[in-house]
Student: 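Pasting a structure here, questions to come.
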Amino acid sequence: MRIAITGTPGVGKTTVSKVLGDKLGIKVIDITEAVKKYKLYTEKDEDMDSYVIDFEKLEKFVSEIEEKEKTIILDGHVSHLLNPDYIIVLRCNPEIIKERLEKRGYKPKKVLENVQAEILDVCLCESKGKVYEIDTTSRDVEDIVDEIVEAIKHKKERKGIVNWTEEYFDYLTLEIK
Ligand SMILES: Nc1ncnc2c1ncn2[C@@H]1O[C@H](COP(=O)(O)OP(=O)(O)OP(=O)(O)O)[C@@H](O)[C@H]1O
């Protein structure tokens, strides 16, 4: 069984996944880290300072671990594309995401693309099947994890709880070359 923790970069997936994995005693696979470490990519996108994932290799990597572990948590902004049985989509105020990504030293273009992706619900829209969406803005990690545990336990489904478009529409008209 695969539980995906997805959402825009900077939303808090790794932070939440670690606590969730410890609490439930389930192995967590950090997809971004695995892609880099085991070269599960086809090329590097120098412009965006990221990797173009080789999904065939990544799927093989994930299924081998799943076979051993039975239940796994997939932490990453593409985890919802890896045939998960259950998807948690983390959401966060776009300006908080912007601050976190700037702090990491991301290029302005990369920061803006991710802020726009959050405003446009990209991860949520791409998530098919059993989906539970959580707004993490101003919430403690423990509190978020408790909600996820309850959601998994009761196979809860929820979509469409935030709408960033009105308040943050101006970000959508910006362009950085
Ligand atoms: N609930 C929270 N409250 C306050 N800060 C948080 C919370 N969740 C995460 N953070 C902080 O936000 C930053 C980004 O978190 P994290 O690395 O977990 O995001 P991510 O979604 O896994 O990012 P990426 O997809 O790029 O790996 C970290 O500095 C983390 O400490």
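This is a predicted model, so every value here is computed, not measured. Below, all heavy atoms of this structure are taken into account, side chains as well, without hydrogens, waters or symmetry copies. Positions are given from 1 along the sequence. Each ligand, and each atom within it, is numbered from 1 in the order the structure gives.
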Student: Does a sphere of radius 6.0 Å around NZ in K27 hold more than 12 heavy atoms from other residues, nucleotides or ligands, not counting ones at 6.0 Å or beyond?
Tutor: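 Not buried by this count: 12 neighbours or fewer within 6.0 Å.
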
Student: Quick one, R91 and D121 - any side-chain contact, counting heavy atoms below 4.5 Å?
Tutor: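 A side-chain contact exists here, since the closest heavy-atom pair is under 4.5 Å.
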
Student: Scan side-chain atoms only and decide if D75 and T14 contain a donor-acceptor pair under the 3.5 Å cut-off.
Tutor: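 Note: D75 and T14 side chains meet the donor-acceptor criterion.
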
Student: When you check ligand 1 against the protein, what N or O pairs turn up below 3.5 Å? List the atom names and distances, or just say none.
Tutor:
residue	atom	partner	partner atom	Å
ligand 1	1 (N)	R139	O	2.9
ligand 1	5 (N)	R100	NH2	3.3
ligand 1	12 (O)	R100	NE	3.1
ligand 1	17 (O)	R104	NH2	3.2
ligand 1	18 (O)	T14	N	3.3
ligand 1	18 (O)	T15	N	2.9
ligand 1	18 (O)	T15	OG1	2.5
ligand 1	19 (O)	G12	N	3.1
ligand 1	21 (O)	G10	N	3.4
ligand 1	21 (O)	V11	N	3.3
ligand 1	21 (O)	G12	N	2.9
ligand 1	21 (O)	K13	N	2.9
ligand 1	21 (O)	K13	NZ	2.8
ligand 1	22 (O)	K13	N	3.4
ligand 1	22 (O)	T14	N	2.8
ligand 1	22 (O)	T14	OG1	2.8
ligand 1	23 (O)	G10	N	3.0
ligand 1	23 (O)	R104	NH2	3.0
ligand 1	25 (O)	K13	NZ	2.6
ligand 1	26 (O)	R104	NH1	2.6
ligand 1	26 (O)	R104	NH2	3.2

Student: To the closest 0.5 Å, what do you measure between CG (L82) and CD1 (I53)?
Tutor: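 It comes to 7.5 Å.
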
Student: Within this structure, what is the CG-CD1 distance for the pair L20 and I5, rounded to the nearest 0.5 Å?
Tutor: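 If we round to the nearest 0.5 Å, L20:CG and I5:CD1 are 5.5 Å apart.
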
Student: Under the side-chain contact (heavy atoms from CB on, under 4.5 Å) criterion, do V115 and Y168 qualify, and how do the steps go?
Tutor: CA-CA 9 Å; V115 166; Y168 301 106; over 6 Å; no

